Amino acid sequence: MVITEKFNPIRKGLLEFVILRIIDTEKLYVAEMLQRLAATQFATQEGTLYPLLSKMRREDLVDYEWQESESGPPRKYYKLTPHGRAALTDLQGYWQHLNDTILHLGR
Amino acid sequence: MRKVITVNLNNNAYPVEDAGYDALQAYLATAEARLAANPDSQEILADLEQAIADKCDTFLGAHKNLITTAEVEQILKAMGPVEVGAEPAQATGGGAAAEARSTPEAASADRGGPKPRSGPRRLYRIAEKKMIAGVCTGLAAYFGVDVVWIRLLFVLLALLTGGGLLIYLALLFIVPRAETAEELAAAHGEQFNAQELVDRAKKKYEQYRAGSVKRRARRDGEGRGPRPGYAARITGGLLLPVFTVLSAALFVALLLCLATLLGHHWAAGGGFMPQLPFWAVIVALFVLYLLLGLPVGAGRRTALYYANGGRRRGWAELWSGLLWLAVAAALLLAAYGLVPGLQAWLLQRSSGLHGVSI
């Protein structure tokens with residue numbers, strides 16, 4: 001599909017924003033994040049997500065805590081840092097701004 | 001009947017068919033190579049191994065205690081190619097990626113996702129799958145041929161003419177190493193996607209905004225201004241061997257001058273340059289050496305800085321050091337072989353050393 005391909009880099013660039021959003025309200029571990037994104041246009045894979053989360057953690061946007069699970073080894077639950085929360089607010093504002101601009105262009 | 005290999009995935013043991021083991025090995029090796037520059041590479045690799053282990057668990061049951069090759073491929077396909085977080089070299093994601101994911105190449109994790117369009121092609125040294133310094137892998141990527149042919153060519157050239165070694169050495173110094181995903185993409189002649197631009201803009205914004213980011217940037221060695229460009233790195237690489245050879249030659253010249261002066265001094269019993277005390281001659285020699293050596297040393301350090309891609313420390317330092325030693329050794333050997341007086345003098349010195357007083 002031509003349209004999805006055209007937007008590939010944009011979706012890719014938005015992935016960080018999307019992740020900030022889905023862990024805004026609750027702590028999630030990677031498998032849960034993948035599951036939530038699977039049904040959306042932002043479907044992604046471990047190979048992409050782990051390096052991205054590690055980068056976001058270095059940038060102090062997210063942090064994780066270990067939590068025991070009923071089955072298997074403990075899991076890393078990711079959550080927003082205060083800095084991440086501020087970044088999310090900024091990003092949401094900017095995204096809104098972008099949308100408004102596009103909607104009003106040429107009208 | 002097939003062989004079964006037990007693998008350790010983040011400290012869990014899983015029995016895997018041997019072809020599946022190879023696929024796993026290839027996937028993790030590629031991941032490790034791609035994450036080489038990432039400060040958290042060990043943690044990410046452990047996470048990836050754990051994710052693979054979790055997926056393996058879903059294939060094991062009370063009556064099934066083996067992961068088949070097909071299942072490994074299915075797992076690796078679901079994992080997707082490992083992309084370097086800050087600068088993904090390839091574009092995958094969303095609906096189009098869902099189709100791309102089901103291609104068989106994704107299992108080998110090497111060429112996963114749709115092939116990027118072609119972009120500007122530049123010669124870099126490529127660390128991934130290198131043998132010595134990545135010269136051959138870089139040339140292979142540049143010319144789009146298998147690296148085996150390039151290596152064969154170099155070995156043949158080296159064996160037949162000796163020119164192969166020289167060309168390799170020259171390229172080693174001149175061609176910069178591909179360090180960022182962007183450079184790696186350029187080395188393969190692939191176009192870099194828009195993510196890089198977004199990341200760059202974001203980075204600037206954050207540096208402007210937060211002190212904590214500045215501290216991190218310093219740790220990554222990015223705080224000292226922009227990275228030198230391709231041309232600057234090439235120039236650094238071109239000048240580095242020149243300064244290295246000059247510096248080694250100066251050092252050898254100092255040694256030879258010292259040896260000659262001492263020889264004359266001892267042979268003539270202090271009659272050499274009677275108008276000057278001997279210590280003054282030696283001091284003058286060292287002053288001359290420092291005068292000549294300081295600019296050469298400064299030039300060498302500057303060339304090193306650029307050849308290393310804007311850092312103080314790096315591989316260029318090692319290569320330059322090795323070249324320095326080789327040149328100094330070669331010159332000393334040549335001097336020893338070519339100057340008959342020196343040879344005779346050294347022999348005479350070593351035989352009559354106990355009779356000498358300075």
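All values derive from a computational prediction rather than experimental measurement. Order of the sequence lines sets the chain letters (A, B, ...), proteins ahead of strands, with each chain counted from 1.
Within a 6.0 Å sphere centred on OH of B/Y14, heavy atoms belonging to other residues, nucleotides or ligands number more than 12. Other residues, nucleotides and ligands place no more than 12 heavy atoms under 6.0 Å from the CZ atom of A/F7.
Rounding to the nearest 0.5 Å gives a distance of 10.0 Å between CG of B/D47 and CG of A/L49. A distance of 8.5 Å separates CG of B/D54 from OH of A/Y29, quoted to the nearest 0.5 Å. Atom NZ of A/K55 is separated from atom CG of B/D40 by 12.5 Å, given to the nearest 0.5 angstrom.
Remark: side-chain polar atoms of A/Q45 are not paired, donor with acceptor, to backbone N or O of B/L76 under 3.5 angstrom.
Listed here is the closest heavy atom pair of B/A51 and A/E46: CB-CG, 3.9 Å. Contact between A/P51 and B/I44 at its shortest, heavy atoms only, is CA-CD1, 3.8 Å. Taking all atoms of both residues into account, the shortest heavy-atom contact from B/E83 to A/K12 is OE1-NZ, 2.9 Å.
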- Start with the C-alpha distance between B/E43 and A/R57, add both sets of side-chain angles, then the distance that settles side-chain contact (heavy atoms from CB on, under 4.5 Å), and finish with yes or no. CA-CA 12 Å; B/E43 186 181 359; A/R57 197 166 89 92; 3.7 Å; yes
